[in-house]
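Okay, so here's the structure we're looking at.
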Amino acid sequence: MKKVTAFRIFRVCSAAAVLVAGGVSWPARAGAADNVPAIEIDASGAGKPFRHSWEQAFGSDRADMVLTESYLRNADRTRQETGFRYVRFHGIFDDTMGIMAPDDAGHMHYNFRKVDAVYDGLLAHHIRPLVELSFMPSAIGSDVLRRDGGLEPLVHRKADEAARPITDYSGGTLWYRANVTFPAHMEDWNALIRAFVEHLEQRYGAGEVRQWPFEVWNEPDQATWVAQPRMATYFALYDNTARTIKAVDPALRVGGPATGAIHWVGDFVEHVTRAHVPVDFVSTHIYANDPPDLLRLPKSPDNTGNTVCDATRTARRAIDRSGHPDLPLYITEFGADWDIHNGSADRPWIAPWIAQTVHDCDGLAPIMSYWTFSDDFEEQGVMANEIPGAYGLLTTHGIPKPAFNAFALLHRLGDRRLPAGSGGDDILATRREDGAIAVALWNRDPQRARAQHLAFRGVKSVDGATMIVIDRTHGTPAAVFESMGRPVSPTSQQAGALMAAARLPAPQPVADCARASRCDVTLPPESLALLLVPGVPK
């Protein structure tokens, strides 16, 4: 979740020549690029484990959105295509969840009905929450105006008017006015956490809830935490939260600091180590366009130039150098662009970017949660139209964007990574459980097609290989949406046309991939392809 102003990157792209085969447009050969040497893929061995960390979890807006039909429909669609297990969202304690209110005697009363509806809905769809503990219920926050229900003392708005109270909820952040203050009394926050966790275990069972990571707050280094000094007050909140959770059930997992731009990672681990505070994982966020002066990444020979992965590697090293080198690192938000209006998920270039990030970040973090899976998202207000430039993988009507199709393709990779020789920095070769070899290939060049030559070691024949390609004209609805005049709410006929344009293409035979152990393919500009060689013995 990012709230500062971003710059736009405009790409000028030339049209590529195409050949038509089987009803699908394919780029013409790249000419002189055919002279590049083949990249050898060694399929003779078992390969190494390749965990699909990029599809373990996805982010979404806030708890209230889980109660909408479109949210759950899109969650189902994403789970079908990626198999994701966890979803993370803000605001399980927001005022709209109605969890706290004083009774007639002034004692605080807990009401978890909406919380139950949220978690019941997720579990019914076979998705578990990665529980972000946020934001502050106004009834126990340090903002007196919010705590008093938005009523200020009696004032005279005009000289000739009687004095009357003014309702003002401007003291919040995000469109839905989240309360991001420190608790007025820490014992009230601790009591809420205790009651919340006890309720979850009573309703869902300890065995189930022990599979839910509990993350304390969201980006306390930024505008979603106003207590000062930020780091010290957040650490106080984390300490109380972690100890309270563990007092209820020591087997529950808790972590933080959930900061933006990998801030405070080393400080956080140093603090919990020194103060003997329980911690089970470290979490932070990273976006490709986080400014360099904000990140301050050290130079390293291992850096790839991919900001997300270089920052993740830096955070991992900070943990490794700490007193808790065994702690896992969760990237609970990542993406190409934190500006909601830049339309990164809508454009074809995002597909090869996602593939490159999966390649470069392999092995760095067991969970990397892409932000977000759906355009059911209201941090900056209700979306303006069906494809508003937001970073959801699916529109509200469930229309896939290139980013969604990229995740769907990458899901088809195997769980054993095969060695790729020189020149293999933009391919991912894997072996699947069914014995097939699945290779992701991509071209990030905005103007030129590129020939790619693959030589398979340990494979007698690649006959029957097929390939799926996402590019500017396959697997993206943007051009059709523009031709419709960008409808705010598409008709059923328009939605059907957009769905057809966004559909992932069917696999096509690869003519230069037959009766040999070599495949020659050509990748269009800004494209991602999946090459599948079936029936390869293990």
Side-chain angles (χ1 to χ4, degrees), residues 1-2 50-60 78 82 84-90 128-134 212-222 224 253-269 279-290 294-297 300 302-320 322 324-338 344-345 350 353-373 391 393 403 406-407 410:
M1 178 186 67
K2 303 292 175 183
F50 181 54
R51 180 171 183 176
H52 289 212
S53 59
W54 70 90
E55 59 182 7
Q56 297 297 306
F58 284 94
S60 66
T78 305
T82 68
F84 86 103
R85 303 165 57 208
Y86 292 98
V87 67
R88 175 182 177 269
F89 47 80
H90 309 316
R128 291 189 169 103
L130 195 166
V131 182
E132 176 197 304
L133 297 170
S134 70
W212 304 3
F214 287 81
E215 183 183 39
V216 181
W217 214 255
N218 174 76
E219 295 186 355
D221 60 311
Q222 300 191 27
T224 44
R253 290 181 289 159
V254 61
T259 45
I262 66 170
H263 289 161
W264 303 358
V265 168
D267 299 292
F268 174 75
V269 181
V279 62
D280 298 289
F281 61 89
V282 178
S283 64
T284 190
H285 306 162
I286 182 66
Y287 289 80
N289 62 337
D290 281 337
L294 191 69
L295 285 171
R296 299 178 183 176
L297 297 178
S300 168
D302 295 331
N303 284 358
T304 64
N306 185 325
T307 300
V308 169
C309 302
D310 292 345
T312 301
R313 189 176 294 105
T314 297
R316 179 67 259 171
R317 285 174 175 160
I319 299 170
D320 292 341
S322 74
H324 268 303
D326 56 323
L327 288 174
L329 171 64
Y330 295 170
I331 305 298
T332 51
E333 281 187 29
F334 86 95
D337 193 333
W338 42 254
S344 57
I350 191 68
W353 180 87
I354 290 171
Q356 189 73 61
T357 301
V358 168
H359 175 283
D360 294 346
C361 290
D362 182 23
L364 295 178
I367 290 179
M368 296 190 70
S369 179
Y370 186 85
W371 190 258
T372 61
F373 79 81
Y391 25 51
L393 301 180
F407 278 102
L410 295 170

Where the side chain of [X] meets the backbone of [Y], is there a donor-acceptor pair that is under 3.5 Å apart?
X    : Y    : answer
D280 : G255 : no
W54  : C361 : no
D362 : F50  : no
S369 : G59  : yes
D310 : T304 : yes

Nearest atoms (heavy-atom pairs only) where [X] meets [Y]:
X    : Y    : value
S283 : E215 : OG-OE2, 2.7 Å
I367 : A57  : CG2-CB, 4.0 Å
I354 : A406 : CD1-CB, 4.1 Å
V265 : A315 : CG1-O, 3.9 Å
L329 : A365 : O-CB, 3.2 Å
P129 : Y86  : O-CD2, 3.7 Å

Notebook entry, point to check: How about P366 and R51: do any of their side-chain heavy atoms sit closer than 4.5 Å?
Noted result: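 Yes; the side chains approach each other to less than 4.5 Å.
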
Next item on the list: Report yes if some heavy atom in the side chain of S134 is under 4.5 Å from a heavy atom in the side chain of V216; otherwise report no.
Entry: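 The answer is no; the side chains never approach within 4.5 Å.
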
Next item on the list: Take D360 and T312, measure what side chain to side chain contact (heavy atoms under 4.5 Å, CB included) needs, and give me the verdict at the end.
Entry: CA-CA 10 Å; D360 294 346; T312 301; over 6 Å; no

To the nearest 0.5 Å, tell me how far [X] [atom1] sits from [Y] [atom2].
X    : Y    : atom1 : atom2 : value
L294 : I286 : CG    : CD1   : 8.5 Å
R253 : L130 : CZ    : CG    : 8.0 Å
H90  : E219 : NE2   : CD    : 7.0 Å
T314 : R296 : OG1   : CZ    : 13.5 Å
I331 : R316 : CD1   : CZ    : 10.0 Å
D326 : H324 : CG    : NE2   : 6.5 Å

Check: Step by step, would you call L410 with E55 a side chain to side chain contact (heavy atoms under 4.5 Å, CB included)?
Finding: CA-CA 9 Å; L410 295 170; E55 59 182 7; 6.0 Å; no

Checklist line | Result of checking L295, V308, I262, L297 against D290 for side-chain contact (heavy atoms from CB on, under 4.5 Å) | finding: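 Checked L295, V308, I262, L297 against D290; only one passes side-chain contact (heavy atoms from CB on, under 4.5 Å): L295.
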
Next item on the list: Give me the one residue out of T332, N218, T284, D267 that meets side chain to side chain donor-acceptor pair (under 3.5 Å) with T259.
Entry: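 Of all the options given, the one that passes is T284.
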
Next item on the list: For the pair D337 and Y391, evaluate side chain to side chain contact (heavy atoms under 4.5 Å, CB included) and give the outcome as yes or no after the intermediate values.
Entry: CA-CA 8 Å; D337 193 333; Y391 25 51; 5.8 Å; no

Note to self: Against Y370, only a single residue in F84, F407, Y287 fulfils ring-ring contact (aromatic ring centres under 6.0 Å, His included); can you say which?
What the structure shows: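 Of the listed residues F84, F407, Y287, the ring-ring contact (aromatic ring centres under 6.0 Å, His included) partner of Y370 is F407.
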
Note to self: Let's go through L393 and F58 carefully: what are the C-alpha distance in whole Å and the side-chain angles of both, what is the deciding distance for side chain to side chain contact (heavy atoms under 4.5 Å, CB included) to 0.1 Å, and is it a yes or a no?
What the structure shows: CA-CA 10 Å; L393 301 180; F58 284 94; 3.6 Å; yes

